[in-house]
Structure formats: structure tokens, C-alpha cells
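What follows is one structure encoded as C-alpha cells, with my remarks underneath.
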Number of protein chains: 2
Amino acid sequence: MAVGIKISLNEKLFLRDPQETALGKKIIKHSIILIDKIGFEAFNFKKLARLINSTEASVYRYFENKHMILLYLLSWYWEWVSFSIDLNTMNIEDPKKRLNIIIRTLVSASKENPSIDYVNESILHRIVIAEGSKAYHTKEVDEENTVGLFTNYKKLCEKVACVISEIKADFPYPHTLASNLFEMANNHIYFAQHLPRLTDVHVTEGNFKEVEKMLQYFAFTLLEKS
Amino acid sequence: MAVGIKISLNEKLFLRDPQETALGKKIIKHSIILIDKIGFEAFNFKKLARLINSTEASVYRYFENKHMILLYLLSWYWEWVSFSIDLNTMNIEDPKKRLNIIIRTLVSASKENPSIDYVNESILHRIVIAEGSKAYHTKEVDEENTVGLFTNYKKLCEKVACVISEIKADFPYPHTLASNLFEMANNHIYFAQHLPRLTDVHVTEGNFKEVEKMLQYFAFTLLEKS
DNA sequence: TTTCAATAATAGTAATACTATCATAAATAG
DNA sequence: CTATTTATGATAGTATTACTATTATTGAAA
């Protein structure tokens, strides 16, 4: 994947664009590392500032608060997945093959060639899995949705829903299945690692093949056999 | 449903059993109301104490922290759903009919007769939908799982997984489907209300029929047509 | 060389998440 | 029917969090 792509994100996510300055990039890079390490609840701007030898006040010039950093990172991730899907399904006509590739990309996009030096996609993927649902489970969800802070995720679901409808035009739940594939991909990796009685799949150190297989089974059983 | 049932929960969830005292019951009752009203992030023991005319220190005698109250409420809810399922599927032999009833119970257990005066199941259901996933998306998930703080949910999934296996013994993902039905039930009510582009179902003021229908479609397509 | 924008350094405030101590009221045991 | 235990209330205090404000410094652009 080309080095130097710039992921474009809603400007309401930040106060100053972190992709434009050295400090901004350091904030992104180390917030990924720190959130992964200590969890989103324990993460704060003081600890982040200490880590990058800057100050709390400086971080606050880029992001309103830590919730906005989380939204930023998740938007970045989904935009990047979307880009990977486009790349991997380019020139592929058969919508079934495209869905197959989408599922594979969903589960293991983070193991492809990294695209940007200050974003470790593999660690970011862990954040998406462990903290992703906190993005929209807040009292501010409606206002944030109105100003477009979840647009990336919704567009990605729309893209997948279109492929689903191509496979089976009369399938009654294309968006439901699309978002569910995303949610299941994350949930069952997490369950396999932490609450194994909630799943049947197993994962080991970055090997998510069983998750991929399970998602293929669910998606294609629903689309082919009904 | 009988008034006076006592839901039995893991003793590690609390410091003093809130079901045994008047203050304890007030804590449960009003934490449900307050979390629903202001959201889990803004909820704290000072506000709760003010609401029930008690003190922060008194609330801390019942629960270690607000995370434990959340785990308590969720465990209570899942235990109560489990009880409702048992009640509603009693004497029903056909596992397909049982799964049908399970799905209906899942989606609208909270609209049955209330069982306990200090728990408003309908409000509690909203908390489960909006805050449920925060229970296990923490850095402490493994230790908490080890001491049994998620047992209720896991047992409930096991129960549903068994019914799934009865319907189709060679279905390869009974636990996956079971937990996914729970997650989807909550997610798609939430999506319909806040992020409608992530779903195809519609809900209005406590009418979750479309969600139920969608879950039936997913479950039975996977189990019958594959 | 000035000047301007970004960052650092420092300080400060209100709220949060607790812990500790002591007084008092209500239940209960002897 | 006291004596004692137990639960709760009242109050205070600490460390951390989540910010905001002010001023100084530095490094790049005009």
C-alpha cells in the first residue's frame, strides 16, 4: 500500500488536524500505544503528555477530550478498512467473491502492509476490538451522529450492504447483516480471548482464521440458503 | 410472576447484599433510574446518594465502585431473563418453539409483569441496551471473569446454545449464534433509535416487533436452511 | 530581522473517586 | 429492659481527573 496516503476525516473530530504537525502525529501514535496498554478508562491526557514529553495543554489544542481521540482513531480505522476493501476488491465482478474478500479484510486488514508510519494498524485493531463500542454508547450519540462523527462507519456498512443486496436483491436485512458482520468480527475475537464460553471459535496470537471462516458461514448461509 | 422472588447473584458483586436492606433496595432502584437518566459515565455515588437522601460513604458500604453496580444490575437482568425463559418454555418440547419463545423473551421480557418492586425491568432493559457492553470491555475482564462476575450471562448463552444444538445437532456454532442473538437484540434496538443506517429494523416507543422478527429470520435461516 | 504561530511551563479550579473517623439510631442478645 | 452490636449519617480529607488560563520560549516564514 502506498506510503503517504492521508486519511481524510470529519473536521469536527479534532481542534487542530493532528496529521499536519509532528506533535499531532506523536499524539496519534502514542495514544494508540497508551490506550492499548492501559485501557481507555485509565488513559488521560496527562499520561499521554508525559509519554511524548509534551504537556497536557498542548494535547488539548488538538483534541477536545479523550472521547474525541477515540472517535478519531476509530474513524481512521474504518476509513482505512474501507480503503483496503476497495483496493482488494478492485476489478472483481462477482459480488460473492467481493463479500468473501470483505470478510477477510475485516478480520485481518491489520496484518497487511502498514500504510502510515505513525499508525500501527495492528495495535489500533486491538483498540477497535476492545473499545470500539464505547464510541457510540454515550448520551451524546445523537448530537455526535448529527454532526457526522460516525459517518465513516455508516458509509462502510452501506458499502457492504450494497454488495449483500447485489448477491441477493430480496434479502430483507442488508444493513443489519453488514453491521452485524463488523460487530461479530470484533466481538468474537474478543470473546475467544476473554470470554470463550460465548463463542465457538478459537484465536491464537494474531491468527483469526476461525473467525473469518465463521463469518463466511453465517453470511453465505443467510444469503444462499434462504 | 410471583412477587417476592429473590434473584441470587455472585457475592463478589457487592460488599453488602443490597437485597437485604431498605437502603440497599433504594440504591438498586435509584441507580437504575439515575444511570438511565444521565448515562453511566456521568453517574456517580455522590449524585446517587443525594437522590436517595443518603451519603456517599453509605453507598460505598454496598458496592466497591460504580462498575460493580453496573455488573450487579446486568447480572440481575440476565438472571431475570433466564428465569423468564424457563417460565415461558416450561412444558414445551419442540426445540424450535422454544427458540422462538427465547427470542421473544429476549426482546420483550421487560414488558411482562414486573416481578420486584424496587427493580423497574423496563428501565433496566434500556441500561442493558445502552451500557451492557461496558461490563466486559475493561482491562479487568479476565480477573473478573475468573471470580465469576459474568457467570449469569455465560450460563444464559449456554442454555440457548443447548436449544440450538437440539434443533440442529451438527450446527457448528451454537454458542456463537446464542451470544449473537443477545448482542443483536440489544444492538439493533439501539441502532434503530440512534444510528438507523446500521440496521433495517424500526422500533417505536417500546415496540420491538421488527427486531424480534429479524432475529427469528436470522436464527431460523441459519438453522433450517443450511 | 521582525513577527507570528506553535509549544512549553506553570498554575489553578471544580469535580471525581475514593477513605477515615466519629456520632447516633435502631435492632438484638443477654 | 439494659447492654451491645450494627447500620447509617455527618463530616472531613486526599489524590487524581478533566479541564482552563497565562506567560514565556522557540523556530519558521515574511
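Heavy atoms only: backbone and side chains are in, while hydrogens, waters and symmetry mates are out. Chain naming here is simple, since letters A, B, ... match the order of the sequence lines and numbering starts at 1 in each.
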With a 4.0 Å cutoff (strictly under), does any side-chain N or O of A:Arg16 reach OP1 or OP2 of C:dA5? no
May I have the distance from A:Asp17 (atom CG) to C:dA6 (atom P), rounded to whole angstrom? 12 Å
Quick one: which of C:dA17, D:dT8, C:dA8 gets closest to the side chain of B:Thr21? D:dT8
Using the benzene-type ring in the case of Trp, are the ring centres of B:Tyr136 and A:His194 under 6.0 Å apart? no
For A:Asn65 and C:dA15, what is the distance between atoms CG and P respectively, to the nearest whole Å? 17 Å
Does the ring centre of B:Phe218 sit less than 6.0 Å away from the ring centre of A:Phe218? no
Mark yes or no for whether A:Ser82, through its side chain, and A:Trp78, through its backbone, hold a donor-acceptor pair below 3.5 Å. no
Between B:His188 and B:Thr199, is any side-chain donor less than 3.5 angstrom from a side-chain acceptor? yes
A:Phe63 CZ to D:dA18 P, straight-line distance once rounded to whole Å: 16 Å
Strand-adjacent residues in residues 40-62 of chain A, judged by heavy atoms under 4.0 Å from DNA chain C: A:Asn53, A:Ser54, A:Thr55, A:Ser58, A:Arg61, A:Tyr62
Gap between atoms CD and C1', on B:Gln19 and D:dA7 respectively (whole Å): 18 Å
May I ask you to check whether A:Tyr60 and A:Thr55 show a side-chain donor-acceptor distance below 3.5 Å? no
Name every residue in residues 134-145 of chain B that has at least one heavy atom under 4.0 Å from any atom of DNA chain C, in order of residue number, or write none if there are no such residues. none
What are the two closest heavy atoms between B:Ala135 and B:His67, and how far apart are they? O-CE1, 3.4 Å
Find the distance B:Leu15:CG to C:dC18:C1' and express it as a whole number of Å. 13 Å
Take atom CD of A:Glu64 and atom P of D:dC19, then tell me their distance rounded to the nearest Å. 8 Å
Heavy-atom distance under 4.5 Å between the side chains of A:Trp76 and A:Gln19, does that happen here? yes
Which whole-number value in Å describes the distance from B:Met68 CE to C:dA17 P? 15 Å
Angle between ring planes, A:His137 versus B:Tyr190, binned at 30° and 60°: parallel, tilted or perpendicular? tilted
Does a side-chain heavy-atom distance below 4.5 Å link A:Leu48 with A:Phe43? yes
